[in-house]
There are 2 protein chains.
Amino acid sequence: MSNTIKKAFEIVKLIEKNQGKYTLTDIVKILGINKTTAFRNLKTLEELNILERINNLYYLGISLFEMGSKVYLKQIIIEKIHPILRELSEEVNETVNLAKIHNGMVLYLDKIESKRSLQIQSSIGDTLPLYCTSLGKSILSILPENEMREIIKNISFEKTTHKTISNPKKLIEQINEIKLKGHSIDDEEFEEGLICISVPLYLKHHNFYGSFSLSGPSIRFDQATLLKLSKKLKKYKDIIIEKLKH
Amino acid sequence: MSNTIKKAFEIVKLIEKNQGKYTLTDIVKILGINKTTAFRNLKTLEELNILERINNLYYLGISLFEMGSKVYLKQIIIEKIHPILRELSEEVNETVNLAKIHNGMVLYLDKIESKRSLQIQSSIGDTLPLYCTSLGKSILSILPENEMREIIKNISFEKTTHKTISNPKKLIEQINEIKLKGHSIDDEEFEEGLICISVPLYLKHHNFYGSFSLSGPSIRFDQATLLKLSKKLKKYKDIIIEKLKH
DNA sequence: AAACATTGTTTCATATAGTGAAACCATGAG
DNA sequence: CTCATGGTTTCACTATATGAAACAATGTTT
């Protein structure tokens, strides 16, 4: 079924990974496709503003921005939650992230940066593994049991810090704890010096399995602070669920 | 050149206009394409998460959100300007919009809603005509003369309120005024009861022709207020230009 | 400045891959 | 139970995307 579309989309996905890095010939080499085909597809994608070409290097185009702004998720869910998360961020003066599960990964949906926060780089639209982020672990804790097992089965664990969870048993252990506590913590498991604390967020009516978090440098996030923050998170979680009830 | 891609994209563009309204058969009728082709294209688009199907009705898919979040414009320009606009919004307690020109239209890039503002519906990603918004008029005032003339030549004026500008001469007159004053006003020219005030924003290094605005109900925007707001806008404009200088 | 390398673009013959009419299901209405 | 509607599958066909090769436009090396 429409291979042409898929091929074109493969190109776009490649550009998404590395904007402004690839030239026609690069793309041909990387994807192993024919030059003429690539050439013509790039041309049409450019015409459609799906890609943009500057000095023969390709970038994601403005059409994607236009359409991306209009997906249901953005207009109905993210934009309704945003002001609430903003309040949270202002109240505790830390960076807030919102995420959902997508293809067995954490997809970042929204972010409110605290003014003081040293910038930790996670961008809206990025995807990260479930097992090494507090957001991901929170989400895992609210998934239907069989779905969770299925996802964990397909994870290939890779350590990014010495604290990263590296096997299914440990992960499932933690998930069970999270179910009891109602929140999850990423204690430098993904990035040295970075701590996150998340609560799961399930919106039944929208079939939304997600979570949101507070994150910052480990210096600021001692045990006492974490306890306080977890309470705040749960408070705001209730506010969100109330607002998105229908 | 790759007609298949274009056809597929036509479908996506149709869905963008009316999410959750069209079924396969509708799409076939509206676009005058073959049922089988539409069927298969819809299927691949769904597979690629470009479209989402719920009860045989189509919505924009999550891939578009992912990729849309990563366009240069968003990551480099909008996200840098955002906190500044947020400050502006908080300082004057009114709704702020950011826009740029795209295909002879105003493309809304960002929005910060004031808490008190009665919701005026303009969404990020929307496009509106240049001539009936203050944002558009501001942009026109900074375009190269020939480009501006060319664009105005192609406008088909349509009145949405009795105050809407309805001919090129009047528009060019106003643009000349804007060039002198440094800001533009939309006095219920697009929507009854809605006033906007904008300043143009040209970012040389990014080849960015845009503008940003404050908007709200006409009751609040008397002459004296407008004067104050125009000063604020210009102040923030300088801040933005300074920050995006390189 | 000439020869070479590299990369984007065009041509054209070919067959693959998308197309569309028609038949087929599944569902819901009358 | 019949009909109507809308989604799905089949299959023969040819239009359409494909890819090798030639070409043009760069910039680089000698």
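Chain letters run A, B, ... following the sequence lines, proteins first, then strands; residues in each count from 1.
In this structure, B/Leu42 atom CG and C/dG18 atom C1' are separated by 15 Å, rounded to whole Å. Atom P of nucleotide D/dT8 and atom CD1 of B/Ile27 are separated by 12 Å, given to the nearest angstrom.
The side chain of A/Thr37 contributes no N or O atom lying less than 4.0 Å from OP1 or OP2 of D/dA17. Listed pair B/Lys43 / D/dT8 fails the phosphate criterion, with no side-chain N or O lying under 4.0 Å from OP1 or OP2. Look at A/Asn3 and you won't find any side-chain N or O under 4.0 angstrom from OP1 or OP2 of C/dG18. When the side-chain nitrogen and oxygen atoms of A/Lys7 are compared with OP1 and OP2 of D/dT18, one or more of them lie within a distance under 4.0 Å. Of the side-chain N and O atoms in A/Arg40, none sit less than 4.0 angstrom from OP1 or OP2 of C/dT11.
Within a 6.0 Å sphere centred on CG of A/Asn55, other residues, nucleotides and ligands contribute 12 heavy atoms or fewer.
Remark: the backbone N or O of B/Leu60 is paired with a side-chain donor or acceptor of B/Gln19 at under 3.5 angstrom.
For B/Thr25, whose side chain is taken as the heavy atoms from C-beta onward, the closest listed nucleotide among D/dA17, D/dG6, D/dT9 is D/dG6. Closest contact between the side chain of B/Asn34 and the listed nucleotides D/dG6, C/dG18, C/dA21 involves C/dA21.
At a threshold of 4.0 angstrom between heavy atoms, the contacts of A/Thr36 include nucleobase atoms, whether or not backbone atoms are also involved.
A/Ile151 pairs in a side chain to side chain contact (heavy atoms under 4.5 Å, CB included) with only one of the listed residues (A/Asn103, A/Asn146, A/Leu130), which is A/Leu130.
Under 4.0 Å is where a charged nitrogen must lie from a carboxylate oxygen, and between B/Glu189 and B/Lys137 at least one such pair does.
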